[in-house]
Amino acid sequence: MSFSDKILTWYLENKRDLPWRDTLDPYKIWLSEIILQQTRVAQGIPYYHRFIEAFPKVEHLAIANEEKVLKLWQGLGYYSRARNLHAAAKMVVGEFNGTFPKTYTGLLKLKGVGDYTASAISSICYNERQAVVDGNVYRVLSRYFGVNIPINSTEGIKSFKKLALEVLHPTNIRDYNQGIMEFGAVQCTPQSPNCSSCPLADGCVALEMGTVKDLPVKLGKTKIKKRFFNYLVPLEHRKSDETLTQLRQRKGKGIWQNLWEFPLLETEREIGLEDIEIRHSEVLKFKRPPEISLFNSDSIVHKLSHQHLHTRFWILEGPFYRTNTIPVSNLENYPVPVLIAEFMKTFKF
């Protein structure tokens, strides 16, 4: 039995019951693929259902308000995915008359759709002969064939794509591609893979050579940058019927574009109360000196892919000049980074 036949047989016997596996609708397949980028399946399933309920068809997503899209996405991170999702939906409706392109080449024209996503959609929906290569596929192929080329190198990306194409199932591309990804997620896992009951054990080079733990090879990680965030949470009319605060929308191409946050004072190091008393006016204007208190004495370290945000929340009580002022009862309506959302859940306004 060939490599692809073994994968296909395993998949048909062991595949998980996932909500996007009962359809060939390219809208639903595309949505699931975008959600599952950088997201575990268990975490992604509720978001998938949420989006399908809010936007049953691509036309509904295309005409949606961006803030609603970002709010539904809140907690998944990598918010550029949500913005690209929204932009691509508009492209499908505006440029393709509401019909998804049916080929790999056509799908690549959509915002946020790269080689992997185009391969996944075209092969799953249309059985086009395209090989998917994601983290799970890299792991399975590198171990089974004993390939030690770094998967995040230019040579590695080309080599693994070529290999993935060579071992594609000759006819059932749709199930084979889902199968090899599923195999990597469930059987050939990053840690403690179940080699003793693996249907590929007889031909696995890594198992024979004792290098399962060493594969796949990946080049050194990008250096992590430290940033120090001081969120200034203004409160007016505290403990009255309607306490007021302020949010601002992040602009530019940095993290969390178009999400909302409290006024932010970013510093080069961790600072204390005296610094906040002196510098709060750089980002927030009060009519008289506010009462200032620190919500969290230990910084919250929020980890992003290439940066760690060392964050403190400062509570500033007093009358402030009103720009983007909102009642605290309305905070939940705004799309915010998960860091801000966790603070909102914890702090008693």
Legend entry - Side-chain (Ser299) to main-chain (Val301) donor-acceptor, under 3.5 angstrom: no

Legend entry - Residue pair Glu128 / Thr103, side-chain donor-acceptor N/O under 3.5 Å: no

Inset, instruction - Measure across Leu316 and Trp314 and return the closest heavy-atom pair with its distance rounded to 0.1 Å. - result: CD1-O, 3.4 Å

Inset, instruction - Could you pull out the closest heavy-atom pair between Leu36 and Gly44, with the gap in Å? - result: CD2-CA, 4.4 Å

Legend entry - Glu66 and Asn258: side chain donor to acceptor below 3.5 Å: yes

Legend entry - Over 12 non-hydrogen atoms of neighbours within 6.0 angstrom of CZ in Arg16: yes

Legend entry - Validation row, ring centre Phe313 to ring centre Phe347 under 6.0 Å: no

Inset, instruction - Taking only Lys NZ, Arg NE, NH1 and NH2, and the carboxylate oxygens of Asp or Glu, determine whether Arg250 and Glu261 approach each other closer than 4.0 Å. - result: yes

Inset, instruction - Quick one: do Glu67 and Lys71 satisfy salt bridge (charged side-chain N to carboxylate O under 4.0 Å, His left out)? Show the steps, please. - result: CA-CA 6 Å; Glu67 287 203 356; Lys71 184 64 179 177; over 6 Å; no

Inset, instruction - May I ask you to say whether Glu182 pairs ionically with Arg21, meaning some side-chain N is under 4.0 Å from a carboxylate O? - result: yes

Inset, instruction - Please say whether more than 12 non-hydrogen atoms of neighbouring residues, nucleotides or ligands are located less than 6.0 Å from NZ in Lys303. - result: no

Inset, instruction - Verify whether one side chain among Asn148 and Ser142 offers a donor that lies under 3.5 Å from an acceptor in the other. - result: no

Inset, instruction - Step through the shown structure and confirm whether more than 12 heavy atoms of other residues, nucleotides or ligands are within 6.0 Å of CD on Glu208. - result: no

Inset, instruction - Among Asp22, Thr23, Val58, find the residue that satisfies the side chain to side chain contact (heavy atoms under 4.5 Å, CB included) test when tested with Lys28. - result: Thr23

Legend entry - Residues Tyr116 and Glu33: side-chain donor-acceptor under 3.5 angstrom: yes

Legend entry - Side-chain donor/acceptor of Asn330 to backbone N/O of Pro327, under 3.5 Å: no

Inset, instruction - Output yes when a side-chain donor or acceptor of Asn194 lies under 3.5 Å from a complementary backbone atom of Gln187, and no otherwise. - result: no

Inset, instruction - Verify whether the ring centers belonging to Phe343 and Phe262 lie closer than 6.0 Å. - result: yes

Legend entry - Pair Glu242, Ser329: side-chain N/O donor-acceptor within cut-off below 3.5 Å: yes

Legend entry - Salt bridge present between Arg50 and Glu53 (N-O < 4.0 angstrom): no

Inset, instruction - State, with a plain yes or no, whether a side-chain heavy atom of Asn324 is found less than 4.5 Å away from one of Gln249. - result: no

Legend entry - Heavy-atom closest contact (Tyr79 atom, Gln74 atom, distance): OH-CA, 3.6 Å

Inset, instruction - Check the side chains of Gln37 and Thr117 for a donor-acceptor pair under 3.5 angstrom, ignoring hydrogens and angles. - result: yes

Inset, instruction - Compare every heavy atom of Pro101 with every heavy atom of Leu110, then report the nearest pair and how far apart it is. - result: CD1-CD, 4.2 Å

Inset, instruction - Write down the atom of His169, the atom of Tyr176, and the distance for their closest heavy-atom approach. - result: CB-CB, 3.7 Å

Inset, instruction - Measure from the side-chain N and O atoms of Asn296 to the backbone N and O of Thr311, and report whether any donor-acceptor pair falls under 3.5 Å. - result: yes

Inset, instruction - Taking all heavy atoms of His86 and all of Leu61, pick out the closest pair and write down the distance. - result: CD2-O, 3.2 Å

Inset, instruction - Measure up the His302 and Trp256 rings against each other and bin them: parallel (under 30°), tilted (30 to 60°), perpendicular (over 60°). - result: tilted

Inset, instruction - Indicate yes or no: does Lys161 engage Asp115 in a salt bridge with an N to O separation below 4.0 Å. - result: yes

Inset, instruction - Examine Trp30 together with Phe100 and report whether their ring centres are nearer than 6.0 Å. - result: yes

Legend entry - Within 6.0 angstrom of Glu282 CD, more than 12 heavy atoms from elsewhere: yes

Legend entry - Main-chain N/O of Leu76 paired with Arg81 side-chain donor or acceptor, under 3.5 Å: yes

Legend entry - Short side-chain to backbone donor-acceptor contact, His49 and Pro46, under 3.5 Å: no

Legend entry - Aromatic centroids of Tyr27 and Phe55 separated by under 6.0 Å: no

Legend entry - Check: Pro234 main-chain N/O paired with Thr245 side-chain donor or acceptor under 3.5 Å: yes

Legend entry - Verdict with supporting geometry, Trp20 and Tyr48, ring-ring contact (aromatic ring centres under 6.0 Å, His included): CA-CA 9 Å; Trp20 46 85; Tyr48 173 82; 5.2 Å; yes

